[in-house]
Amino acid sequence: MDDLNQTSPDIFILLGLSDVPYLQVICFLMFLLMYICTGVHNNITMLSGNLLMIIIVRISPKLHNPMYFFLSNLSTIDVGFSSSTVPIILKNTISKDRSISLLECAIQMYFNLALGVAECIMLAVMAYDRFAAICKPLYYNIIMTKKLCFCLAAGSWSVGFINSIIHVALTFQLPFCRSHHVNHFFCEVPPFLRLSCGDTLLNEIAVYISAVIIAVSAFLLTLISYVHIISTILKIRYSQGRYKAFSTCASHLIVVTLFYGTSIVLYLQFQSSHSHEIDKIVSIVYTAVTPMLNPFIYSVRNKDVKETIINSLSRKQNL
């Protein structure tokens with residue numbers, strides 16, 4: 001490994017979660033299960049949970065509305081988000097060769113960061129959509145026009161990919177002379193900043209600015225939207241209606257808290273004194289656990305989606 005650091009400056013070694021054999025097997029099975037669950041629900045086919053959501057929204061006129069348009073975007077992001085990291089984690093967990101080239105690392109970091117930011121903003125957009133639907137029902141169709149929906153979705157993707165270009169470029173212009181052993185299981189910005197022997201102040205400032213402008217702003221928009229939503233729900237006279245609305249809000253807020261909370265914790269810590277193992281656990285939550293939960297919360301539990309799937313299957317059986 002030491003020779004590799006000296007003779008191959010463009011090669012990094014991902015140390016992964018553990019070097020203990022039985023723990024490697026446990027980690028491999030855990031990540032494989034989460035990756036499958038990200039796309040598989042009800043034992044359909046691999047990656048079909050999110051892909052099924054995308055297809056159902058496309059083929060069903062009943063689901064051609066802003067909420068399902070954003071859900072299909074979220075499903076697309078989740079498939080890409082998990083696929084940008086979990087296959088690398090699985091390969092490095094069972095392989096003795098954990099090396100990765102600088103180019104491969106930069107590409108993986110770029111897509112992981114871009115899709116992570118896109119999901120962050122998309123969750124805020126979905127909260128705003130629910131705010132418009134519940135708090136402004138008479139003006140919903142006027143507010144959430146097709147043009148606005150397209151702009152919000154395109155904006156989420158664009159901000160993610162533009163932001164990622166900046167951070168990846170700033171990260172890999174640094175000199176990595178301390179070590180090329182990355183104490184992480186995939187390429188992410190904070191671990192690489194700790195490896196650099198150069199001045200990382202600009203990188204840290206850029207990360208803090210992005211965290212405040214994007215993550216914190218998106219979280220506050222989501223929070224404000226749900227304050228208004230909950231206030232409106234409390235005015236509903238029928239207890240069944242209140243329960244249903246609160247159930248939907250609670251599910252969304254759980255995902256939002258997990259995703260925003262873990263992302264902010266990881267990217268706002270750069271001190272060498274804090275635990276690298278905590279960083280790994282935090283990364284697992286927002287790269288694997290949250291994408292795994294999203295299809296279950298937003299798709300499988302959704303009554304309209306269930307009815308569309310059942311109707312589609314019934315039509316096929318009748319043919």
Side-chain angles (χ1 to χ4, degrees), residues 10 12 14 38 50 70 73-89 100-126 150-176 182 184-196 198 200-219 221-222 256 258-270 279-280 282-288 290-291 294:
D10 291 339
F12 294 92
L14 297 171
T38 298
N50 283 301
F70 294 132
N73 272 270
L74 184 66
S75 295
T76 304
I77 291 170
D78 281 336
V79 170
F81 195 32
S82 290
S83 298
S84 70
T85 55
V86 178
I88 293 176
I89 296 171
I100 184 171
S101 70
L102 185 147
L103 178 60
E104 291 174 330
C105 198
I107 291 172
Q108 188 267 313
M109 183 187 292
Y110 174 75
F111 282 103
N112 175 258
L113 184 57
L115 293 169
V117 170
E119 176 151 347
C120 177
I121 299 173
M122 189 61 67
L123 288 171
V125 168
M126 291 169 64
F150 177 80
C151 289
L152 289 173
S156 301
W157 288 88
S158 299
V159 171
F161 283 101
I162 293 171
N163 176 74
S164 185
I165 289 175
I166 296 170
H167 290 292
V168 172
L170 287 174
T171 299
F172 286 99
Q173 56 85 31
L174 292 170
F176 299 105
V182 184
H184 210 50
F185 44 85
F186 64 94
C187 297
E188 201 165 26
V189 173
F192 275 80
L193 297 188
R194 298 188 196 104
L195 291 181
S196 177
T200 61
L201 179 61
L202 178 60
N203 301 74
E204 295 184 19
I205 291 174
V207 170
Y208 277 107
I209 291 174
S210 293
V212 172
I213 293 178
I214 299 174
V216 176
S217 297
F219 181 77
L221 176 60
T222 304
V256 166
L258 279 173
F259 186 83
Y260 289 157
T262 52
S263 300
I264 292 172
V265 166
L266 178 66
Y267 278 89
L268 293 186
Q269 292 187 98
F270 295 102
D279 279 359
K280 294 177 182 180
V282 168
S283 296
I284 290 172
V285 172
Y286 85 89
T287 59
T290 302
N294 284 347

> Residues two or more places apart in sequence or in another chain: which of them pass ring-ring contact (aromatic ring centres under 6.0 Å, His included) with F172?
Replying inline: F192
> Would you say E119's side chain and G116's backbone share a donor-acceptor pair under 3.5 angstrom?
Replying inline: no
>> As an exercise, state the distance from CD1 of I107 to CG of N112, rounded to the nearest 0.5 Å.
In response: 13.5 Å
> How close do H167 and S210 get, heavy atom to heavy atom, and via which atoms?
Replying inline: NE2-OG, 2.7 Å
> Looking at OG of S75 and CE of M122, how far apart are the two atoms once the value is rounded to the nearest 0.5 Å?
Replying inline: 10.5 Å
> Between the main-chain N or O of S84 and the side-chain N or O of Q108, is there a donor-acceptor pair closer than 3.5 Å?
Replying inline: yes
>> Quick one, C187 and L14 - any side-chain contact, counting heavy atoms below 4.5 Å?
In response: yes
> Are L195 and L174 close enough, and set up right, to give a side chain to side chain contact (heavy atoms under 4.5 Å, CB included), and what steps lead you there?
Replying inline: CA-CA 9 Å; L195 291 181; L174 292 170; over 6 Å; no
> Rounded to the nearest 0.5 Å, how far does CD of E104 lie from CG of L102?
Replying inline: 10.0 Å
> With a 4.5 Å heavy-atom cut-off, do V125 and S156 have their side chains touching?
Replying inline: yes
>> Could you report the tightest heavy-atom contact between L115 and F81, atom names first, then the distance?
In response: CD1-N, 3.4 Å
>> Any non-hydrogen side-chain atom of F219 less than 4.5 Å from a side-chain atom of L123?
In response: no
> Where is the tightest heavy-atom contact between V168 and Y110, given as atom of each residue plus distance?
Replying inline: CG2-CA, 3.7 Å
>> Which heavy atom of P175 sits nearest to which heavy atom of S196, and what is that distance?
In response: O-OG, 3.0 Å
> To the nearest 0.5 Å, what is the distance between CD1 (I209) and CD (E204)?
Replying inline: 12.0 Å
> What pair of heavy atoms forms the shortest contact from P191 to V182, and how long is it?
Replying inline: CB-CG1, 4.0 Å
> So do the side chains of N73 and W157 get within less than 4.5 Å of each other, counting heavy atoms only?
Replying inline: yes
>> Determine whether a donor-acceptor pair (N or O, by modelled atom type, separation under 3.5 Å) exists between the side chain of T222 and the backbone of A218.
In response: yes
> Heavy-atom distance under 4.5 Å between the side chains of V189 and N203, does that happen here?
Replying inline: no
> Could you give the distance from CD1 (I121) to CG (N163), rounded to the nearest 0.5 Å?
Replying inline: 8.0 Å
> Shortest non-hydrogen contact from C120 to A215?
Replying inline: SG-CA, 3.7 Å
